[in-house]
Amino acid sequence: MRLPHGYDLPLPAYQTAHAAGADLLAAVPDDAPLTIAPGSRALVPTGIAIALPVGTEAQVRPRSGLAVKHGLTVLNAPGTIDADYRGEVQVLLVNHGGDPVVVTRGMRIAQMIVAPVLQMVLREVASLDETARGAGGFGSTGG
Ligand SMILES: O=c1ccn([C@H]2C[C@H](O)[C@@H](COP(=O)(O)OP(=O)(O)OP(=O)(O)O)O2)c(=O)[nH]1
């Protein structure tokens with residue numbers, strides 16, 4: 001689904017045949033680009049909402065090019081889009097560079113990866129002795 005302010009933008013797309021992530025576009029207004037000052041963060045709209053298959057998530061990850069060129073990355077990377085979330089996908093950008101970064105409409109700001117999810121079913125035990133391994137770690141096998 002495209003939200004009203006995202007209508008004229010292309011949908012996120014894979015840039016190569018086997019790319020893991022589809023690039024997310026900034027859906028800031030044409031006449032109101034967003035300037036992110038050094039050390040600041042901004043929640044950037046993408047104009048899209050998605051319905052993921054049950055048993056999957058989408059991860060919002062940084063684009064390496066923006067990180068190396070501008071110090072721009074995703075603050076909460078990887079951002080988690082839950083399968084039952086139906087709101088707008090947003091990208092929390094942070095500017096770790098020394099110069100302000102201007103985010104314009106349609107700029108490829110991050111990438112979205114769909115991945116499988118397993119939910120835990122936790123079972124409480126009274127003691128670690130009930131488990132085959134116990135608490136051994138940090139070289140306990142002699143390595
Ligand atoms: O980078 C992100 C991360 C999350 N979300 C949306 C989708 C996700 O399903 C929802 C909640 O995210 P999360 O569980 O990480 O946030 P929370 O702080 O635990 O919020 P909530 O209390 O709403 O679960 O916000 C985004 O649009 N972009």
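Just follow the structure's listing: the first ligand is 1, and inside any ligand the first atom is 1. These numbers come from a predicted model, not from an experiment.
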query = Does a salt bridge link Arg105 with Asp31, judged by any charged N lying under 4.0 Å from a carboxylate O?
reply = no

task = For atom 27 (O) of ligand 1, find the nearest protein heavy atom and state the residue, atom name and distance (0.1 Å precision).
result = Gln90 N, 2.9 Å

ask   = Quick one: which ligand 1 atoms are inside 4.0 Å of a heavy atom on Gly79?
value = 1 (O)

note = In this structure, atom 25 (O) of ligand 1 is nearest to the protein heavy atom Tyr85 CE1, 4.0 Å

query = Does atom 5 (N) of ligand 1 have a protein heavy-atom neighbour under 4.0 Å away?
reply = yes

message = How long is the straight-line distance from CD of Gln59 back to CD of Gln111, given to the nearest 0.5 Å?
response = 10.0 Å

key: Nearest protein heavy atom with distance in Å, relative to atom 13 (P) of ligand 1   = Thr80 O, 4.5 Å

Within-4.5 Å side-chain heavy-atom neighbours: Leu66 and Met107 = yes

request  = Please determine which of Asn76, Val60, Leu75, Val103 meets the side chain to side chain contact (heavy atoms under 4.5 Å, CB included) test together with Val91.
outcome  = Val60

key: Sidechain-backbone polar pair: Asn95 side chain, Gly97 backbone, donor-acceptor under 3.5 Å   = yes

message = Does the protein place a non-hydrogen atom closer than 4.0 angstrom to atom 9 (O) of ligand 1?
response = yes

query = Can you tell me the protein heavy atom closest to atom 14 (O) of ligand 1 and the distance?
reply = Asp82 OD2, 3.8 Å

ask   = Heavy atoms, side chains only, cut-off 4.5 Å: are Asp23 and Pro12 in contact?
value = no

remark   = Atoms of ligand 1 under 4.0 Å from any heavy atom of Val89, numbered from 1 in the order shown, are 27 (O)

request  = For Glu88, counting its heavy atoms only, list the atoms of ligand 1 lying under 4.0 Å from any of them.
outcome  = 27 (O)

ask   = When you measure from atom 1 (O) of ligand 1 to every protein heavy atom, which one gives the shortest distance, and what is it?
value = Asn76 ND2, 3.2 Å

Distance from atom 26 (C) of ligand 1 to nearest protein heavy atom, with residue and atom = Ile81 CD1, 3.4 Å

message = Contact between Leu92 and Gln90 at the side-chain level, heavy atoms closer than 4.5 Å - yes or no?
response = no

inquiry  = Less than 4.5 Å apart, side chain to side chain, heavy atoms only: is that true for Leu25 and Ile109?
reply    = no

